[in-house]
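Working notes, structure below.
The model shown is predicted, which means the values in this text are computed figures rather than measured ones. Both ligands and their constituent atoms are indexed starting at 1 by order of listing. Positions are given from 1 along the sequence.
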Amino acid sequence: MTVPIAIIGTGIAGLSATQALRDAGHVVQLFDKSRGSGGRMSSKRSDAGALDMGAQYFTARDRRFVTEVQRWHANGWAAEWAPQLYNFHGGQLTPSPDEQTRWVGTPRMSAITRGLLGETEVHFACRITEVYRGERHWHLQDAEGFTHGPFSHVIIATPAPQATALLAAAPKLASAAAGVKMDPTWAVALAFETALETPVEGCFVQDSPLDWLARNRSKPGRDNGLDTWVLHASSTWSRQHIDLPKEAVIEQLHGAFAELLHSAMPAPSFSLAHRWLYARPASSHEWGALADVDLGLYVCGDWCLSGRVEGAWLSGQEAARRLHENL
Ligand code: FAD
Ligand code: NAI
């Protein structure tokens, strides 16, 4: 009987590793504490349609990732997004067009990880609390007290603080992960019945509680009649207001948005707030992936490279490559 490989985390890093290992003929079993795939690239179903509360778009600079994104495009999972971009700085809103190609999942961000998941066996709503090695194989313990296994290898593909908690078997890897701080981001979605009178479709923001905002319907495949916006607070503001109730976060970011557009903004017909505790690594690293090849334990995620979708995907590829080459 083939002993499968366990991968904890169905974000883009975990699914990148999954795909590479599947292509090399391995059997993989996935685990995620959420009810669906995507992690920080997931989309939230809501009364205002599917909303990308995390990653807004991604760029592709590495040749390998460019090729992969072309494949996603050909499969209908991703499309280019060319918004009317603005910059808000010193209280001034100015157009800020550029030549950068930006991609989004279609019709929602989570279409990409959903596509990559394919038919792979996955346990959703399953939070892993312990990763331990028996005589020959690995086992996972979940928060409900169930044990999963045996597995030949384990790849942990979660944000650094969540990886640290699972790395008791490999203290060196645990201490590397423990050294990575991750900053939070408050995200708010606001939907308006009547479209706001502004040409803005995406905006990089400075000197404000906000650091980014995007108009949902300007992204391909998302126009459902409502004018829905996603606002992201800066890391600093998010940290300072980490325990603020959601209603207060919505009110304050709605206010910052109105100030930015210099308009008496109507009340939204729908609003939603989401707190990402581990949104982005405070610094970047060049690890690719972390590994204890003798133990057969691997770690990947955006924090092993750049804190972007591309970095997470490349890190997953690297974990899979190292695992395969050490068989
Ligand atoms: P994640 O997506 O975090 O995946 C980890 C998975 O592990 C999750 O699904 C989680 O549920 C699961 N998990 C964690 N612990 C456990 C456990 N104990 N047991 C089981 N499962 C567990 N990047 C860009 O390139 N462009 C952007 O515009 C952009 N904007 C962003 C905006 C926000 C608000 C945020 C939060 C991120 C943004 N990013 C952006 C960053 C990008 O989303 C991430 O770099 C990337 O998605 C990280 O992927 P990952 O697979 O490393 O981790
Ligand atoms: P990118 O090249 O579009 O943006 C990189 C940075 O360059 C932007 O943050 C912005 O400061 C600047 N920039 C780019 N184009 C600009 C323009 N036309 N006008 C003014 N400034 C411009 O994309 P890349 O490199 O793929 O970065 C991904 C984005 O994801 C970044 O904006 C980053 O801040 C964001 N991100 C947000 C996270 C969060 O938690 N809120 C976490 C991780 C990434």
Check if [X] has a non-hydrogen atom at a distance under 4.0 Å from any atom of ligand 1.
X: G307; value: yes
X: H232; value: yes
X: S16; value: no
X: C126; value: yes

In the protein, what heavy atom is nearest to [atom], and what distance, to one decimal place, separates them?
atom: atom 51 (O) of ligand 1; answer: A13 N, 2.9 Å
atom: atom 11 (O) of ligand 1; answer: D32 OD1, 2.6 Å
atom: atom 23 (N) of ligand 1; answer: V309 N, 3.5 Å
atom: atom 18 (N) of ligand 2; answer: S96 O, 2.7 Å
atom: atom 27 (C) of ligand 1; answer: Y57 O, 3.2 Å
atom: atom 37 (C) of ligand 1; answer: A279 O, 3.9 Å

(request) For R102, counting its heavy atoms only, list the atoms of ligand 2 lying under 4.0 Å from any of them. (result) 3 (O), 14 (C), 15 (N)
I'd like to check which ligand 1 atoms, numbered from 1 as shown, lie under 4.0 Å from a non-hydrogen atom of [X].
X: G38; answer: 2 (O)
X: P159; answer: 3 (O), 5 (C)
X: R127; answer: 18 (N), 19 (N)

Under 4.0 Å from [atom], do we find at least one protein heavy atom?
atom: atom 7 (O) of ligand 2; result: no
atom: atom 30 (O) of ligand 2; result: no
atom: atom 20 (C) of ligand 2; result: yes

Over 60° means perpendicular and under 30° means parallel, so tell me whether [X] and [Y] are parallel, tilted or perpendicular.
X: W303; Y: W287; value: perpendicular
X: W72; Y: W313; value: perpendicular
X: H153; Y: Y298; value: tilted

(message) Less than 4.0 Å is my threshold; does some heavy atom of F204 fall inside it relative to ligand 2?
(response) yes
Best match, [options]: closest heavy atom to [atom]:
atom: atom 32 (C) of ligand 1; options: A60, S306, G54; value: G54
atom: atom 41 (N) of ligand 2; options: V205, L85, T185; value: T185
atom: atom 53 (O) of ligand 1; options: R40, R275, R35, K33; value: R40

(message) Which residue is it: P266, S271, S269? I am looking for the one with a side chain to side chain contact (heavy atoms under 4.5 Å, CB included) to L190.
(response) S271
(request) Could you tell me whether D211 and ligand 2 have an N or O pair separated by under 3.5 Å? (result) no
(message) Regarding ligand 2, does Y86 bring an N or O atom to under 3.5 Å of one of the ligand's N or O atoms?
(response) no
(request) Look at D23 together with R71 and state whether they make a salt bridge at an N to O cut-off of under 4.0 Å. (result) no
(message) Heavy-atom pairs closer than 4.0 Å: do any link ligand 2 to the side chain of Y57, the backbone, both, or neither?
(response) side chain
(request) Tell me which part of D302 gets within contact of ligand 1: side chain, backbone, both or neither, using heavy atoms under 4.0 Å. (result) both
(request) Compute the centroid of each ring, for W103 and then for Y57, and state whether the two points are separated by less than 6.0 Å. (result) no
